[in-house]
Engineer: 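I have a structure I would like to understand better, so I am pasting it below and will then ask my questions one at a time.
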Number of protein chains: 4
Amino acid sequence: MPDIDFFTLTVSCPDQVGIVARVSDFIASNGGWIIEASHYADPDLRRFFMRHQIVAHSLPFDVQVFREQFHEIAQKFEMDWQISDSRIRKRVVIMVSNLGHCLYDLLGRWRTGELNIDIPCVISNHDTFRSFVEWHDIPFHHVPVDPKQKHIAFQKVADLFDTTQGDVLVLARYMQVLNTEMCELYPGQIINIHHSFLPGFVGAKPYHQAYDKGVKLIGATCHYVTSELDQGPIIEQDVIRIDHSYGPPELVRSGRDVEKSVLARGLQYHLEDRVLLNGSKTVVFR
Amino acid sequence: MPDIDFFTLTVSCPDQVGIVARVSDFIASNGGWIIEASHYADPDLRRFFMRHQIVAHSLPFDVQVFREQFHEIAQKFEMDWQISDSRIRKRVVIMVSNLGHCLYDLLGRWRTGELNIDIPCVISNHDTFRSFVEWHDIPFHHVPVDPKQKHIAFQKVADLFDTTQGDVLVLARYMQVLNTEMCELYPGQIINIHHSFLPGFVGAKPYHQAYDKGVKLIGATCHYVTSELDQGPIIEQDVIRIDHSYGPPELVRSGRDVEKSVLARGLQYHLEDRVLLNGSKTVVFR
Amino acid sequence: MPDIDFFTLTVSCPDQVGIVARVSDFIASNGGWIIEASHYADPDLRRFFMRHQIVAHSLPFDVQVFREQFHEIAQKFEMDWQISDSRIRKRVVIMVSNLGHCLYDLLGRWRTGELNIDIPCVISNHDTFRSFVEWHDIPFHHVPVDPKQKHIAFQKVADLFDTTQGDVLVLARYMQVLNTEMCELYPGQIINIHHSFLPGFVGAKPYHQAYDKGVKLIGATCHYVTSELDQGPIIEQDVIRIDHSYGPPELVRSGRDVEKSVLARGLQYHLEDRVLLNGSKTVVFR
Amino acid sequence: MPDIDFFTLTVSCPDQVGIVARVSDFIASNGGWIIEASHYADPDLRRFFMRHQIVAHSLPFDVQVFREQFHEIAQKFEMDWQISDSRIRKRVVIMVSNLGHCLYDLLGRWRTGELNIDIPCVISNHDTFRSFVEWHDIPFHHVPVDPKQKHIAFQKVADLFDTTQGDVLVLARYMQVLNTEMCELYPGQIINIHHSFLPGFVGAKPYHQAYDKGVKLIGATCHYVTSELDQGPIIEQDVIRIDHSYGPPELVRSGRDVEKSVLARGLQYHLEDRVLLNGSKTVVFR
């Protein structure tokens, strides 16, 4: 409901009786109007997950005051939690190498107003897309990666992300493997699109692996980046049908469509605070 | 979580502040452990929908006592509501004509324990499947339909449904159009599978209509039956890809797969109390 | 196989014995190496459809000479036929109004080399995308449509299409209904993307129709434009899953993804000469 | 087109110019009416694949005579080839353990005439489904597998397959791993349904593996059995969407639907001679 402003409260905590009651009592006692809510209890980990969408103008305070007043409840239930205001756009820094289909797709969604975000800058290890990005009045930073001194490049990226106050770092077919430092610096903030249906075909050239295997579907996976390559928590996946007549070039081309839509959907879920981390997995309240 | 018994509470009522708080306070104050919950507020109709799954043994009483104690809250908020106990199997009466694929599918799911239901009887306007049904130790009733006196047949069906204490009446490719009386007798209790992607191709021979149109996908629709033919609230839909080489016979054959799975999914949602009526539409908490 | 150049021969003609033999004998006797071939006989219309992909360098002549030499066979079998050379890029004229997602998608595919075409110009009834299109070094023509004198605008479009030697006219969410003259001028050359799963929801605001109906899937349809609104031969269709929580704005946003991919696939099939007209339907050799 | 009888000719051979011409000349010179044909040339292996559907009554001879007369051409081009007559039903032997959903599905398709086959017998390492199978007037053989002497059981299976003149052996969730001898005895004749989207999750308990990984889709794979476990040529695959709320039991239940439909589709392709082996992969002319 883009024509209504709302707060989104997401919570995960050890499961116990009374969480929902306590939280919804807090919201109700402040006159909060809940338009969407989801709950899930992981029976194995005994952990509880919750997301509430509350109409902003139904509450007497802003997110800052909400944070202060909710603090006590959060502590009592040992909550990992956050609250966001739909009127404050998230800042998404995009990284890309020299395959532009995801970049085109994201900038297209941004320019047409579909993605309600700010893009403080685009970072690339190539200069290929400078003019295209700059045409959109978005700063473009060329940060080459010296194989022998990767950490220098990634330090630059981290600095750019911090100084531009990025909330999310999107690897839109960025071909370099981030180092462990970088991954651990921004847990749950770096989103990657992998061009295979993980965990099938991890690592390099997944389309060629798929071709050799003769699979009948190929896919893409949107996941959070962790220090373990291609092993981060999965946000979204999808596949498309192929057949014997597809050689690697056709697979690469067809795969782009599913890469674009899976990345866009996964990012959208993240931006709407629908994705909660649950160990090495995610809870996605769609 | 079939290994846990639970109560499922479903509620719809005029939207206002405090519903969730009041309900979850009631559940929590009774020690109720919520393992799944979904809420939705229809912004147009200003109506609120809610579903809670509560671990049965976490509550000090059974559904009957729950009903008594919850009654006051329900009245206060003018709720349409119900609570079910996963240990009490719903009773599903199946109707079929002479196409057996959905019947085979449903009995298969029932026999393999996938469908946790009782099937008090199968009713058909043909005698075709008597032996197959009876082999499953399910009573079979042949109720022919006299075109000039349909109401007599449907009265028999209604009697059978009532005397066998049916909860749901499933039209598993039952080829007769129920009369208005019958439809209005069991609102939200009669589930039909229509062999097209409604609202496309209403009425007769949808596969032939699809063939004439040259569509590239065909589908099926699971919906509640109302007195308006093929216009009842939609529960579930799906499609499969076809191409120019499919003649009507291939369409009919291919369509069976999607008919079977869509009916099975729609029925499952209904049985798990995931489907709430919202005027001419449904809210499905999947 | 983008790394091989080939001729594509497409044929449709009254069905009879010996067509394949005669054609493949012609190809073989000239040393032609067939890498892909598809045949289909419509049992109702008794019409035969055929597509051959032949490695270009395996033949001793170019398409022009092929046309001359094949002419006699074509006449004998009363063939509608054409042959294309993958080295000669088709010229695609794009029309758009003020929704840019399909335009972005097509230019993105073109710029990344995914779409191997020439885009002589983009035509719009709004000036919105001039700068974006011109940044791509593609001529942009603003042709406003006067409701009272539509034919004038469409005459201008026809002139632009002719003078730029367009092969295909793509309506990438062009919001004006072309007049009959325009449609009949370029049969099988104008491709439209309709934002519904036709024949469901013809005409205006299909997403609002879908919302009112409470369908569980929405779709898009790529079809050739004829003088009958939304009734032209269907090239490609697809759907995506939605649920009760999607209001019209979410439907519109979600629908864009399927619009983009369905248009791109349909156009690709057309560009690869995989689509043959069969009365009001199509044969698509995928 | 089930109302037309036809011959289906399938060929694979080293690629060279003139194959199509020679074969179609043979068919045409005998008055053969081709209603469907597909060709594919593998650019890597330089191997050619071809399938023709010819109206039976358009030819002056039966398959036996066809074989004799075609023999010379087949030799000349070193063809692996076969021709089948749609009027001669293939004989499908089904193996199952104690999960009945695929068995129910196959017998349902057979009984409703959807699968135009003969089922000479069903073989199981459990006695669970004897009565169900025998109710269908199909012989049921209980062949227990002694872990220490598996070869004895598989020898019995082979004998049953041979004596009942089986054409295809379908492992419809048969839980024993066939030994190498058995696999090599019937190359391209044993079809298995694996309950994962191979090559992801090979081996045991794929649904539990999927649960641990937190994937958002689960799938099934229909493939020919080879001595390498779960590595045989893939015939068909599909997936369905799941989410965080699915525990292993829900995954198992949901997976059954895709297992059933993927096995049924894969088997249908095989029965219609649409599947040609291409090394460790398949060419499927759908």
Side-chain angles (χ1 to χ4, degrees), chain B residues 1-4 35-38 53 96 98-116 128-129 131-137 173 238 240-250 252-265 268 272 274 285-286, chain D residues 1-4 35-38 53 96 98-116 128-129 131-137 173 238 240-250 252-265 268 272 274 285-286:
Chain B
M1 270 125 287
D3 49 353
I4 309 178
I35 57 172
E36 192 182 321
S38 311
Q53 243 172 274
V96 63
N98 44 27
L99 289 177
H101 54 286
C102 286
L103 178 68
Y104 248 88
D105 189 63
L106 292 175
L107 294 194
R109 292 172 191 272
W110 168 75
R111 179 126 188 281
T112 56
E114 183 182 324
L115 270 178
N116 182 33
T128 319
F129 297 109
S131 139
F132 177 67
V133 169
E134 290 178 345
W135 178 85
H136 287 84
D137 295 322
R173 299 305 312 276
D238 211 344
I240 52 171
R241 188 162 292 278
I242 56 158
D243 67 32
H244 57 269
S245 70
Y246 287 62
E250 290 75 29
V252 168
R253 200 191 67 195
S254 308
R256 286 172 171 171
D257 279 347
V258 69
E259 291 169 30
K260 287 187 295 190
S261 54
V262 167
L263 174 57
R265 282 208 300 274
Q268 187 70 35
E272 294 178 355
R274 297 184 177 281
F285 289 123
R286 290 184 297 129
Chain D
M1 271 123 285
D3 49 351
I4 309 177
I35 56 172
E36 191 181 322
S38 311
Q53 242 172 274
V96 63
N98 44 28
L99 289 178
H101 54 287
C102 286
L103 178 68
Y104 248 88
D105 189 64
L106 291 175
L107 294 194
R109 292 172 190 273
W110 167 75
R111 179 126 190 280
T112 57
E114 182 182 323
L115 269 178
N116 182 33
T128 321
F129 298 109
S131 141
F132 178 67
V133 170
E134 289 179 345
W135 179 85
H136 288 83
D137 296 321
R173 298 307 310 278
D238 211 343
I240 51 171
R241 188 162 292 278
I242 55 159
D243 67 33
H244 57 269
S245 69
Y246 288 62
E250 289 76 30
V252 168
R253 198 189 71 195
S254 308
R256 286 172 171 170
D257 280 347
V258 70
E259 291 169 30
K260 288 187 296 191
S261 54
V262 167
L263 175 56
R265 282 208 301 273
Q268 187 70 36
E272 293 178 356
R274 298 184 177 280
F285 289 124
R286 290 184 298 125

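If you're wondering where the values come from, they're calculated on a predicted model, not measured in any experiment. Every chain is numbered from 1 and lettered A, B, ... according to where its sequence line falls, protein lines coming before strand lines.
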Engineer: From Phe129(B) CZ over to Arg111(D) CZ, what is the distance, rounded to the nearest 0.5 angstrom?
Structural biologist: 6.5 Å

Engineer: So what's closer than 4.5 Å to chain D heavy atoms on Ser131(B): side chain, backbone, both or neither?
Structural biologist: both

Engineer: Any side-chain heavy-atom pair from Arg253(B) and Thr112(D) closer than 4.5 angstrom?
Structural biologist: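 A side-chain contact is absent here, since even the closest heavy-atom pair is not under 4.5 Å.
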
Engineer: If the plane angle is over 60° it's perpendicular, under 30° parallel, otherwise tilted; pick one for His136(D) and Phe132(B).
Structural biologist: perpendicular

Engineer: Which of the residues His101(D), Arg265(D), Arg256(D), Arg286(D) is involved in the greatest number of heavy-atom pairs with chain B at under 4.5 angstrom?
Structural biologist: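 The option with the most such pairs is Arg256(D).
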
Engineer: Is it the backbone or the side chain of Tyr246(D) that comes under 4.5 Å from a heavy atom of chain B, or both, or neither?
Structural biologist: neither

Engineer: Is Glu114(B) salt-bridged to Lys260(D), cutoff N-O under 4.0 Å?
Structural biologist: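 Answer for the salt bridge query: no.
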
Engineer: Out of Ser254(B), Gly113(B), Gly108(B), which one racks up the most heavy-atom pairs below 4.5 Å with chain D?
Structural biologist: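 Among the listed options, the one with the most contacts to chain D is Gly108(B).
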
